[in-house]
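Take a look at the structure below.
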Amino acid sequence: MERIQTIFAIFLDTWPGFLEAVVITLELTAVSVVLGTLLGLIFALMKISKSKIFQGIANFYITVIRGTPLIVQIMFLYFGITEIVVLDAFWAGSIALGVHNGAYIAEIFRGAIQGIDYGQTEASRALGMTNSQTMRRIVFPQALRRSIPPLGNQFIITLKDSSLVYLIGVSELFAIATREAAASFKQFETYIVVGAYYLALVLIFSYLLKWYENRLDVDKA
Amino acid sequence: MITGEDIHKSFGDLEVLKGIDLHVEPQEVVVLVGVSGSGKSTLLRCFNFLEMINSGKIIIDGKEINPKKDNLSEIRAEVGMVFQHFNLFPHKTVLENVMEAPVVVKKEKKEIAQKKGLELLDKVGLGDKADVYPSKLSGGQKQRVAIARALAMEPKVLLFDEPTSALDPELVGEVLQVMKQLAEEGMTMVVVTHEMSFAREVADRVIMLDKGRIIESADPVTFFENPSHERTKQFIQMVK
């Protein structure tokens, strides 16, 4: 009982700071989702292209990213990039998360594109459309629609993974939690509070995603 | 209008077309028949370069096509194709399906493509379905939209690859009716089908393929009443 009161007390004490951190977490997530989607699209197209060189580059990227821990990638990028250009921790973290996501999103897009019935491509070609017109206007719009559920899933993972960039000093949600916990000595209660913040964000996002998916279904099922 | 000379096509070790010579006159309706695996669909697909021939010539409207040099998209735009499984674009409305190629390939103005699209949909009896998505249509309606979509490009030849094979029996008639009307209007057509009534009624020429070769080519009356080849007789017995 006492613990529950403590949790509430901590929540009431810390919410202004946490709310600021929520904004940073959302910004991190948004930047890395946009970057990841862009990279994912580029590498998916490279992987399904006829060029062996493009395929090789895409395979290398996907294999390396999926085969190493995110935390290693964050450190590698942060210390690697900042040796070359001046970049603050927020951008280094966003880029690391984006590059990480790109590999997974590339596989989502590739699977969705290859899952579209080949008859769609044949019908487009038979009408005189070029390969790029076929991809842009016929295959990709359908693949994108199919990618939405797994993409949403990936975005949720990104939101949670963004907590790892506290290690390079970004003042996002988890970083604030560690500071609050250290200051108040209430470790357990503080991490429950921050857990609740993440859970709330994920639930809101899942709800929005469901709503969007349903709307798409109603339109064109 | 469209001519194949000594067409050979193999898939790996399997030779599917073993030297096909076929000349289709303007406004002619040619029906290709044969058991499955005889190569009739493959031949059709070679005519619009969905399959590449291994050797031989394809001549469209007097021009020999060199698939390595010529722009295949431009050639395909002049040779329409209707597929067994319709292959409508599910993310586009019926009218958008019909307008897509004229707008994207021919760079037609949207208003013009829309007007022509609606006329074509009226022609296939689906003017009232312009704004629905293909998933809401029956198989027969889908295939009629697919025909309108092919016609929108004003092709010189229209190829039909078993257009009624995926349809419930009661829906076959409406599609054949549209095809018959096209034939009467003078469209050059090459049709792969198992609908012998269509071959009898509409075809100018019926051609029998067997193991990658043309073994019979005759007007429908001769083809069905007095075929010369033993395999053709067996086939006609079989489909009766």
Side-chain angles (χ1 to χ4, degrees), chain A residues 37 40-41 44-45 48-52 105 108-152 208-221, chain B residues 41 44-45 47-52 71-94 96-108 131-136 142 145-146 148-161 166:
Chain A
T37 306
L41 182 56
L45 291 175
I48 58 172
S49 77
K50 291 198 181 87
S51 152
K52 287 265 181 276
I105 293 175
I108 290 173
F109 280 146
R110 183 192 58 82
I113 289 170
Q114 289 180 338
I116 299 299
D117 178 15
Y118 192 64
Q120 294 287 309
T121 301
E122 291 203 327
S124 311
R125 294 224 179 113
L127 286 165
M129 293 167 80
T130 62
N131 285 343
S132 85
Q133 286 167 341
T134 301
M135 180 54 75
R136 266 186 297 122
R137 303 200 42 101
I138 305 301
V139 176
F140 188 69
Q142 295 182 56
L144 184 61
R145 184 179 283 275
R146 274 196 211 177
S147 306
I148 287 168
L151 276 180
L208 289 175
L209 194 71
K210 263 274 163 315
W211 172 80
Y212 185 62
E213 279 173 36
N214 284 338
R215 216 191 60 162
L216 280 181
D217 282 350
V218 173
D219 277 359
K220 299 187 181 174
Chain B
S41 281
L44 207 62
R45 293 162 58 82
F47 277 144
N48 70 351
F49 301 90
L50 286 179
E51 303 290 352
M52 296 300 166
N71 184 335
L72 289 181
S73 296
E74 278 172 23
I75 293 153
R76 291 192 188 110
E78 299 187 334
V79 182
M81 181 138 183
V82 173
F83 298 87
Q84 182 178 358
H85 295 290
F86 332 124
N87 300 341
L88 293 180
F89 306 135
H91 60 304
K92 294 182 181 290
T93 64
V94 163
E96 285 167 354
N97 263 274
V98 178
M99 289 167 58
E100 178 71 12
V103 171
V104 174
V105 179
K106 279 192 178 169
K107 314 289 179 205
E108 248 173 43
D131 295 324
V132 307
Y133 284 91
S135 59
K136 300 271 189 273
K142 283 181 189 167
V145 173
R149 181 176 68 174
L151 288 173
M153 288 300 282
E154 294 164 343
K156 291 175 176 161
V157 191
L158 206 43
L159 310 173
F160 292 83
D161 189 6

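First the proteins, then the strands, lettered A, B, ... as listed; each starts at 1. In what follows, every heavy atom counts, from backbone to side chain, and hydrogens, waters and symmetry copies are set aside.
- Here the shortest heavy-atom pairing between A:A123 and B:F89 reads CB-CE2, 4.2 Å.
- Looking at B:E78, neither its backbone nor its side chain comes within 4.5 Å of chain A, counting heavy atoms on both sides.
- For A:K50, the NZ atom is loosely surrounded, since the number of other residues' heavy atoms within 6.0 Å does not exceed 12.
- Contacts with chain B (heavy atom to heavy atom, under 4.5 Å) involve these residues of residues 108-121 of chain A, listed by number: A:D117, A:G119, A:Q120.
- By the 4.5 Å heavy-atom criterion applied to side chains, A:R125 and B:N48 are not counted as neighbours.
- Looking at B:V104, the atoms closer than 4.5 Å to chain A (heavy atoms on both sides) sit in the backbone and in the side chain alike.
- In this structure, the side chains of A:M129 and B:R76 stay at 4.5 Å or more apart for every pair of heavy atoms.
- With chain A as partner, the option from B:N87, B:I75, B:L88 having the largest number of non-hydrogen pairs under 4.5 angstrom is B:N87.
- Between the side chain of B:H91 and the backbone N or O of A:R137 there is at least one donor-acceptor pair closer than 3.5 Å.
- Between A:L127 and B:R149, the closest side-chain pair of non-hydrogen atoms falls below 4.5 Å.
- Listed by chain and number, the residues in a salt bridge (Lys or Arg N to Asp or Glu O under 4.0 Å) with B:R45 are A:E122, B:E51 (sequence neighbours excluded).
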